Amino acid sequence: MSPHADPLHHRRMWWKEATFYQIYPASFKDSDGDGWGDIPGILQKIVYIASLGVDVVWLSPMFDSPQIDMGYDISDYENVYAPYGTVEDVEKLVDACHKNHMKIILDLVVNHTSDQHAWFKESRSSKDNPKRDWYFWQPARYDEQGNHMPPTNWRSYFAGGTWTWDEHTQEYYLHLYDKSQPDLNWENKECREAIYNSAMRFWLDKGIDGFRVDTVNKYSKVLPFRNAPITDPTNFIQPAAEMWCNGPRIHEFIKEMNRDVLSHYRTYDNQPVVTVGELSLCSEIDSVIPYISAVQRELDMVFQFDITHLGQGPPGCNDKYDFSPWKLPEMKRIVEKWQSYIEGTDAWTTVFNENHDNGRSISRFANDSPEWRTHSAKMLALWLVGQTGTLFLYQGQEIGMINAPKEWDMDEYKDVESKNYWAEAIRLAEDGTDPTRKERIRHGLQLMARDHARLPFQWDESTQAGFSEGEPWMRVHDEHREINAAKQEKDEGSVLTFYKRVLRLRKEHKDVFVYGTFELLDQDNESTFVYRKRYQEKTALMVLNFTTETQALPETELEGMDLLVSSYVKAVPRALQPFEGRIYINYQNQV
Ligand code: TEU
């Protein structure tokens, strides 16, 4: 056997080979003209989704919610946000996915609820309410003047502190995100049981095939609560991730969730249900593996976010949107790390570069100008499909959607995080703490704000891009007449046609693309990204040009290899054209 025989010792599983497609319900398709996407809208597009060649739909939260954080603030797990439809509509969607040979997973958002959830309303009603302990309540501390102070100095994700004072019962409650998103207390067994019943079993019983598990590493907090060390002397609030990320009981909680709930369910075609956890602020391989090592029976896989943090300030600090320019070798190091870390383990990895929490990949990682954006989209498609792990695409990626135009006013940004960072920037600039902050944060938001991914899907060239007959909740991209699905469906050279083709190729050669070992070949090159994949005797070479200039091909690596696909209609000998991507493959001794 060659040294590359069965390199990963990985059992083949349906979810490893599947391509997932994330749908953000607010922005996909509005069927009734109220300006909000909805479930019947998704149903209208089910044939389109299936035609992409994806295997699983991941539906972002469609639960009842006041929408302070776009549905990640849930007020009732067992109901659907009325503008999106009804529970019956979701049942129809589950059915339609299955009839079209796709599975469907929902978002499981159980680190926190909305403050409008009945559980929190009860909890906040009195100190002796039976659900008081389902959330984290703490008495105030007092400063020398006798003013009440929050129990700790922690900074929350969306700018601001993690504690909000409740007048009624004279205590603070904890929220890692917005003040409308109080954290559930997983230490309380009754609370965990309620979560399992309401957020999980309710939907699993309706036939869903698994979950994307929101903020999966934050349920266990370091107790008793204490201050985070002061790393930002200009502020009272301090980055405090170590107080809630990968906390002392986290693995116990996830194991319980798996053992008591998930392990009792199968997919519609009688396979194990799937989980993919959102593992933020976790860059140490040794801390990631325990969540996904198969013998641990926790999660099947996780999203690790080093790639989407490229160019951002340290996560959890007030610098997230203070853009720092990066060079290609940095990106390559990240990809190499998270491609190869599962080798020799029983864990599994994921491949993605977009989701609803990030700017569009073309705008961030390549070039979104009219001249280069189509080439950029196709090159990035090859960057993705060659990589080992489960592939996740985000709606609109397949037609090369790009960030909102730079000319847009900050008022067009609707996201709570963008708004809070922008308000903070204005405050810190105007009080003289950081005079250039506004310009820097505006630039960062133009590149990386979560809003960019939330623009309405561009279906066609009509006034609202075919998204809605009414006024969309978020402005439609000015370029929608150029970038839209209808136009691309008819065009052999479009990003959409290319995506369909390369997703098929990924399946045809899944041994080397999905399961192969990864080797980076040009670490220090700032213009090209060349990586090799191997599976037993089979070899593939991905050659990607990240510049607007022609680049040389790595000729010696190409010996004995055949061109499988180029992102240009016509690949020229000996040179990679601007933003061209190619895949070469060695068919000899094919397995
Ligand atoms: O995000 C969790 C999270 O902590 C970050 O990884 C994420 O990047 C976020 O944008 C904070 O900057 C999840 C959801 O994906 C996000 O949309 C929600 O806002 C958040 O949870 C709270 O539920």
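Counting starts at 1 for both ligands and their atoms, following the listed order. The figures here come from the full heavy-atom set of this structure, side chains too, leaving out hydrogens, waters and symmetry mates. The model shown is predicted, which means the values in this text are computed figures rather than measured ones.
Donor-acceptor pairing under 3.5 Å is recorded for the side chains of His175 and Thr164. Between the side chains of Asp38 and Ser31, a donor-acceptor pair is found at a separation under 3.5 Å. Side-chain N/O atoms of Asp232 and Asn235 include a donor and acceptor closer than 3.5 Å. The closest side-chain donor-acceptor pair between Gln22 and Asn355, if any, does not fall under 3.5 angstrom.
Residues passing the side chain to side chain contact (heavy atoms under 4.5 Å, CB included) test with Lys255 are His251, Gln296, Glu298, sequence neighbours excluded.
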Discussion item. Run Asn246 and Tyr291 through side-chain hydrogen bond (donor to acceptor under 3.5 Å, both in side chains) and show every step you take.
Written reply: CA-CA 10 Å; Asn246 313 323; Tyr291 289 97; 2.6 Å; yes
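Ordered by chain and residue number, the residues placing a heavy atom less than 4.0 Å from ligand 1 are Asp69, Tyr72, His112, Tyr157, Phe158, Tyr177, Gln181, Arg212, Asp214, Thr215, Lys218, Glu278, Ser280, Lys320, His356, Asp357, Glu417, Arg450, Arg454.
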